[in-house]
Peer 1: 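Following this message is one structure expressed as structure tokens.
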Protein chains: 2
Amino acid sequence: MATRLIDIAEKAGVSLTTASHVMRGYTKSKIKLETTDHDLKVADEHGYRPNAIARSLKIQRINTIGLYTGYGYHSLRDPFLAEVYTGIQRVCSDLHYDFLVHVDIEGKEPSEIRLRLNDGKVAGLIVHAQSGDAVVAELARIRMPAVAIADRQSVLPSVIADDADGMRQLADYLWSRGHRHIAYLTSHLKLASIEARSETITQLMAERGGRCTVLPFPQLHPAEFLAQLMESEDRPTALCCWNDYYAYQMVRVGMDLGLRIPEEIAVVGFDGLLDTLLPARKLVTVGVPWEDMAAEASKMLLRLLDGETLPLVTTFPVTLIAGDTA
Amino acid sequence: MATRLIDIAEKAGVSLTTASHVMRGYTKSKIKLETTDHDLKVADEHGYRPNAIARSLKIQRINTIGLYTGYGYHSLRDPFLAEVYTGIQRVCSDLHYDFLVHVDIEGKEPSEIRLRLNDGKVAGLIVHAQSGDAVVAELARIRMPAVAIADRQSVLPSVIADDADGMRQLADYLWSRGHRHIAYLTSHLKLASIEARSETITQLMAERGGRCTVLPFPQLHPAEFLAQLMESEDRPTALCCWNDYYAYQMVRVGMDLGLRIPEEIAVVGFDGLLDTLLPARKLVTVGVPWEDMAAEASKMLLRLLDGETLPLVTTFPVTLIAGDTA
DNA sequence: TTGTAAGCGTTATCAA
DNA sequence: TTGATAACGCTTACAA
């Protein structure tokens with residue numbers, strides 16, 4: 001049981017109110033400097049910190065914001081989300097907020113999910129979801145403070161990229177290099193940005209007398225897809241991919257097929273997220289199951305909360321991964 | 001103002017207690033099925049959800065865990081942390097916990113930081129910090145439930161990799177390929193794993209009559225460093241790097257210098273995190289300032305909490321990034 | 001300058 | 001089977 005304000009007050013020999021005033025640096029009512037100093041000292045000795053929960057309940061505010069994404073738990077291996085997290089954290093850090101990753105929301109009905117998001121743990125949400133996400137509609141209905149990022153939500157203030165302009169720049173670039181027939185590789189996700197991008201480029205190419213074929217990105221057999229595409233009579237000369245990840249996959253598949261890029265097939269992406277730090281070499285290294293370890297640590301933490309005693313050290317095995325750099 | 005339990009009770013024409021029992025599915029006291037059904041219906045209509053804050057205050061528990069890392073805000077571009085986050089989320093999702101990323105802790109004294117971590121917002125913490133981190137000591141002192149991950153903390157249950165065995169495997173591998181003098185590129189961070197790794201490999205090489213020189217990783221001028229190293233008379237034939245990120249940097253620098261890898265210089269890492277999806281090509285793409293956008297969205301959210309009215313759409317400019325794939 | 005007391009929305013004890 | 005009522009730890013009128 002952590003020390004409470006009343007404990008501090010008692011130890012310091014003052015009332016609860018006085019202690020509270022001192023802790024909050026209340027200036028209106030002038031408290032004796034002596035009292036103040038003494039109180040603070042006592043609080044410090046006991047490592048006292050006001051309980052944020054009780055405080056939130058009283059003042060009806062909480063300095064925590066959350067993130068809702070349509071997907072279950074967020075894969076931070078997705079460089080896009082990593083950027084989003086980093087941005088949120090930067091601001092939270094500056095403005096003294098904490099950042100709650102809502103994860104207890106999986107496999108539920110939309111209405112139930114929004115209930116979970118609205119249980120008072122966060123003051124508001126950053127939202128990244130597909131168009132027509134039912135949860136987002138619910139959130140808007142109950143006027144939960146929320147801002148959409150990257151993919152526009154009609155019912156929320158949205159922070160988006162200038163997708164159309166980006167596509168125009170790409171179209172200009174490709175056109176000036178002589179491309180008259182391109183393919184746009186889209187995603188199965190119903191994201192506003194994807195629609196904006198594919199529509200814009202299709203229209204731009206058509207306006208100029210060229211054309212753009214919209215195709216779903218071949219998740220399962222990218223190599224077969226590209227091989228077939230290259231053999232087709234009326235084939236596109238450039239692949240315009242929804243994002244960098246898709247694009248790099250196409251580049252790799254192209255290289256595997258022995259295609260010269262960009263001479264035989266040009267590839268462009270969208271995002272500017274993935275850099276080229278990693279050469280096309282396979283590193284000799286030691287594989288560590290970091291994710292499993294973090295999972296195990298979390299489980300242990302919860303068991304700890306249950307009063308269980310845990311071993312001081314839990315060691316996971318690691319494995320050498322062969323490569324070509326050594 | 002969200003609906004409270006008492007509102008539901010009034011609407012349903014029952015007492016607060018009854019409503020509470022119904023909501024919690026309390027079975028001991030048998031409530032008329034009619035009452036139950038009616039109450040639930042009313043609650044549903046109003047989109048009622050028990051306030052987690054009030055609930056936490058009352059039951060003195062909270063189903064949220066946090067993460068403390070020694071560095072300011074966590075860079076999620078660090079693939080290691082991405083794995084950690086993902087692992088934590090996976091477990092939280094399974095066990096109905098939420099995950100709080102503490103960010104309001106920067107630039108404070110250790111004792112103050114641990115106070116912030118101990119304000120009741122989280123039930124416990126996952127910890128990743130350097131050896132001798134004062135905050136960790138404080139956390140242990142006040143018996144805050146915590147589990148360390150990846151880098152052992154003497155005062156906490158720790159989940160770590162078998163660093164020594166990993167290094168043994170690497171040493172065996174390098175030794176069998178004829179390497180007798182290697183360099184270990186270490187970090188400035190005082191992490192337990194680093195110490196364990198460098199000590200182990202140094203000792204293993206020495207035992208066999210070879211040797212290992214421990215050098216700080218050249219953050220600023222990796223190219224100059226490698227060039228000089230290659231020219232030195234008694235140069236190592238292999239670079240053993242603290243992690244994959246360091247290793248890939250060395251590989252790239254090596255390729256830039258025209259070195260044959262592994263013939264002229266072998267490179268090994270540790271982690272198994274970075275894959276080789278990305279070829280050493282520079283993509284033509286459109287750069288989007290995702291992080292800034294997320295930051296802006298967060299700021300907007302907070303302004304929204306202040307009652308401010310925001311524009312429905314905020315658009316950021318994007319820029320074409322030249323490359324060699326198109 | 002300090003103290004008393006009400007109340008934030010729950011849960012839980014104890015009567016009715 | 002249901003209903004008062006007292007906490008949980010804090011903030012804040014208002015009173016002394």
Side-chain angles (χ1 to χ4, degrees), chain A residues 1-40 42-43 46-64 115-116 118-123 142, chain B residues 1-40 42-43 46-64 115-116 118-123 142:
Chain A
M1 175 70 68
T3 12
R4 299 160 306 166
L5 183 51
I6 196 168
D7 300 327
I8 302 298
E10 277 172 11
K11 298 270 181 188
V14 298
S15 81
L16 186 56
T17 316
T18 308
S20 175
H21 283 174
V22 170
M23 294 314 297
R24 309 219 61 70
Y26 194 58
T27 45
K28 277 216 186 152
S29 79
K30 289 253 158 61
I31 294 169
K32 265 194 287 188
L33 243 151
E34 253 180 56
T35 317
T36 304
D37 286 352
H38 184 225
D39 286 15
L40 287 174
V42 172
H46 287 255
Y48 170 74
R49 161 134 263 241
N51 181 300
I53 297 303
R55 179 154 210 276
S56 282
L57 181 59
K58 176 61 195 172
I59 68 178
Q60 298 288 85
R61 291 193 298 101
I62 190 161
N63 59 338
T64 302
L115 284 175
R116 296 198 109 88
N118 190 33
D119 66 358
K121 276 185 169 181
V122 295
I142 63 169
Chain B
M1 174 71 66
T3 16
R4 300 160 303 167
L5 184 50
I6 197 167
D7 300 328
I8 301 298
E10 277 172 11
K11 298 268 181 192
V14 298
S15 79
L16 186 57
T17 316
T18 308
S20 175
H21 284 173
V22 170
M23 295 314 299
R24 312 215 60 71
Y26 194 58
T27 45
K28 278 223 183 140
S29 77
K30 288 257 157 54
I31 295 169
K32 264 196 289 192
L33 242 153
E34 254 179 54
T35 317
T36 304
D37 286 351
H38 184 224
D39 287 13
L40 286 176
V42 172
H46 288 255
Y48 171 73
R49 163 134 265 243
N51 182 299
I53 297 302
R55 180 155 209 273
S56 282
L57 179 60
K58 177 60 194 169
I59 69 177
Q60 299 287 82
R61 290 192 299 101
I62 190 161
N63 60 337
T64 303
L115 285 175
R116 298 196 107 88
N118 190 34
D119 66 358
K121 276 185 168 181
V122 295
I142 63 169

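Each chain gets a letter, A, B and so on, in the order the sequences are listed, and its residues count up from 1. What you see is a predicted model, and the numbers here were worked out from it, not measured in a lab.
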Peer 1: Using whole Å, report how far CZ of A/Arg55 lies from C1' of D/dT12.
Peer 2: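 One finds 12 Å between C1' of D/dT12 and CZ of A/Arg55, rounded.
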Peer 1: Are there any protein N/O atoms within less than 3.5 Å of an N/O atom in nucleotides 3-7 of chain D, and if so, which ones and at what distance?
Peer 2:
unit_1, atom_1, unit_2, atom_2, d
D/dG3, OP2, B/Ser15, N, 2.7
D/dG3, OP2, B/Ser15, OG, 2.9
D/dG3, OP2, B/Thr18, OG1, 2.8
D/dA4, N7, B/Thr17, OG1, 3.1
D/dA4, N6, B/Thr17, OG1, 2.5
D/dA7, N3, B/Lys58, NZ, 3.0

Peer 1: A/His38 has an atom NE2; how far is it from atom P of C/dT1, in whole Å?
Peer 2: 18 Å
Peer 1: Quick check: closest heavy atoms across B/Ala54 and A/Leu57, and the distance to 0.1 Å?
Peer 2: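 Minimum heavy-atom contact is CB-CD1, 3.8 Å.
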Peer 1: How would you list all residue pairs meeting salt bridge (charged side-chain N to carboxylate O under 4.0 Å, His left out) that involve residues 50-63 of chain A, not counting sequence neighbours?
Peer 2: none
Peer 1: Reckon B/Tyr48 has a side-chain N or O less than 4.0 Å from the OP1 or OP2 of C/dT10?
Peer 2: yes
Peer 1: Distance-only check: which donor-acceptor pairs under 3.5 Å involve side-chain atoms of residues 5-13 of chain B, not counting sequence neighbours?
Peer 2:
unit_1, atom_1, unit_2, atom_2, d
B/Asp7, OD1, B/Arg4, NH2, 3.0
B/Asp7, OD2, B/Arg4, N, 2.8
B/Asp7, OD2, B/Arg4, NE, 3.3

Peer 1: In this structure, how many angstroms lie between the C1' atom of C/dT10 and the NZ atom of A/Lys121, rounded?
Peer 2: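 From A/Lys121 NZ to C/dT10 C1': 15 Å.
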Peer 1: Give the rounded distance in Å between these two atoms: CD1 of A/Ile8 and P of D/dG9.
Peer 2: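 Going from CD1 in A/Ile8 over to P in D/dG9 covers 13 Å.
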Peer 1: Within this structure, what is the CD1-to-C1' distance between A/Ile53 and C/dC8, rounded to whole angstrom?
Peer 2: 13 Å
Peer 1: Please name all residues satisfying side chain to side chain donor-acceptor pair (under 3.5 Å) with B/Asn63, sequence neighbours left out, ordered by chain then number.
Peer 2: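 Scan of B/Asn63 (side chain to side chain donor-acceptor pair (under 3.5 Å), adjacent residues dropped) gives A/Lys121.
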Peer 1: I want to check one thing: is the phosphate of C/dG9, taken as OP1 and OP2, less than 4.0 Å away from some side-chain N or O of A/Gln60?
Peer 2: yes
Peer 1: Which pair of non-hydrogen atoms, one from B/Ser56 and one from A/Ile53, has the smallest distance, and what is that distance?
Peer 2: CB-CG2, 4.0 Å
Peer 1: May I ask you to decide if B/Leu16's main-chain N or O and B/Ser20's side chain share a donor-acceptor pair within less than 3.5 Å?
Peer 2: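 Looks like no, no N/O pair under 3.5 Å.
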Peer 1: Could you check how far CG of B/Asp7 sits from P of C/dC8, rounded to whole Å?
Peer 2: 11 Å
Peer 1: Specify the separation, in whole Å, of atom CD1 of B/Ile62 and atom C1' of C/dG9.
Peer 2: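 Going from CD1 in B/Ile62 over to C1' in C/dG9 covers 14 Å.
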Peer 1: Counting side-chain heavy atoms from C-beta on, which of D/dC10, C/dT11, D/dC8 comes nearest to A/Asn51?
Peer 2: D/dC10
Peer 1: Give the angle between the helix axes at the two ends of the helix from C/dT1-D/dA16 to C/dA16-D/dT1, taking five base pairs at each end and rounding to 10°.
Peer 2: 50°
Peer 1: Take atom CG of B/Leu5 and atom P of D/dC8, then tell me their distance rounded to the nearest Å.
Peer 2: 20 Å
